[in-house]
Amino acid sequence: MPAQPIPAEELRSAVGPVRAWLAGEAEQPPRAVLGAAVKTTARWLAQQVPGRSVELRVPPHVAVQLVPGPRHTRGTPPNVVETDAATWLRLATGELAWDDAVAEGRVSASGNRADLSAHLPLSPLR
């Protein structure tokens, strides 16, 4: 059974409590709050760009498959994007540009479909 679509308002409410931390104005939020923001943003992106050709990993919080193209079924996918929670949330909110994050080594993106720059920042969070 497919998951219910995440409304833009739910996306904004999940990210709201972590914005001050992302801006360097507050302590890191509790793990549950941070996890909710990471999971909601990753799943929202997967619902906007459905597919199974890229795996987005933000350990230990979430891994989702997205982007149309050849389906991957076993082993390590050929197209993987991996980053930490703070970097992912900064990308999702537009506080960090994709190219800068990749150049600084804050995002590991392997495979010819692993460039998510066209989908970031997430439109409701701009």
Side-chain angles (χ1 to χ4, degrees):
M1 183 170 144
Q4 290 295 322
I6 299 167
E9 190 48 51
E10 184 179 326
L11 175 67
R12 286 190 284 269
S13 352
V15 174
V18 301
R19 283 197 181 262
W21 170 64
L22 292 173
E25 299 163 359
E27 293 294 315
Q28 181 171 324
R31 181 181 167 102
V33 172
L34 182 57
V38 170
K39 288 174 192 163
T40 305
T41 51
R43 290 176 181 156
W44 192 88
L45 180 59
Q47 114 190 342
Q48 301 307 307
V49 191
R52 298 180 64 88
S53 70
V54 176
E55 186 165 288
L56 167 63
R57 300 173 180 167
V58 187
H61 303 288
V62 73
V64 295
Q65 292 186 346
L66 60 159
V67 181
R71 181 177 172 170
H72 168 76
T73 54
R74 294 187 352 195
T76 301
N79 299 284
V80 176
V81 173
E82 188 165 337
T83 189
D84 62 275
T87 300
W88 167 248
L89 290 169
R90 287 185 176 107
L91 288 165
T93 59
E95 291 184 30
L96 177 63
W98 175 262
D99 291 339
D100 293 339
V102 172
E104 294 165 10
R106 294 164 74 177
V107 169
S108 164
S110 63
N112 61 349
R113 295 174 182 272
D115 181 348
L116 299 180
S117 60
H119 311 294
L120 296 167
L122 304 182
S123 53
L125 301 178
R126 286 191 178 122

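A quick note: this is a predicted structure, and the numbers were derived from the prediction, not measured.
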Practice problem: Check W98 against A114 and note the closest heavy-atom contact, atom names and distance. | Solution: CZ2-O, 3.3 Å
Exercise. Evaluate the side-chain proximity of V49 to P68: yes if any heavy-atom separation is below 4.5 Å, no if none is.
Key: yes
Quiz item: Residues in side chain to side chain donor-acceptor pair (under 3.5 Å) with W44, at least two apart?
Solution: none
Quiz item: Partners of R57 by salt bridge (Lys or Arg N to Asp or Glu O under 4.0 Å), sequence neighbours excluded?
Solution: E55, E82
Self-check item: W88 side chain near T93 side chain, heavy-atom distance below 4.5 Å
Solution: no
Exercise. Quick one: closest heavy-atom pair of I6 and L11, and the distance?
Key: CG2-N, 4.2 Å
Self-check item: CZ on R12 to OG1 on T41, rounded to 0.5 Å
Solution: 14.0 Å
Sequence neighbours left out, cut at 3.5 Å: what donor-acceptor pairs do the side chains of residues 22-39 make with other protein atoms?
none

Quiz prompt | Atom pair CG/OG of D84 and S108 - distance to nearest 0.5 Å | solution = 12.0 Å
Exercise. Would you give the length of the straight line joining atom CD of Q48 to atom CZ of R43, rounded to the nearest 0.5 angstrom?
Key: 15.0 Å
Exercise. Provide the full list of salt bridge (Lys or Arg N to Asp or Glu O under 4.0 Å) pairs with a residue in residues 91-104, sequence neighbours left out, each pair given once.
Key: E104-R106
Practice problem: Pick out which of V67, V80, V64 makes a side-chain contact (heavy atoms from CB on, under 4.5 Å) with L56. | Solution: V64
Quiz item: Got a donor-acceptor contact below 3.5 angstrom from the N79 side chain to the N112 backbone?
Solution: yes
Got a list of side-chain donor-acceptor pairs under 3.5 Å for residues 118-126, not counting sequence neighbours?
unit_1: R126; atom_1: NH2; unit_2: P121; atom_2: O; d: 3.2

Quiz prompt | From OG1 (T40) to NE2 (H61), nearest 0.5 Å | solution = 12.0 Å
Exercise. Not counting sequence neighbours, list each pair that qualifies as a salt bridge (Lys or Arg N to Asp or Glu O under 4.0 Å) and has a residue in residues 108-123.
Key: none
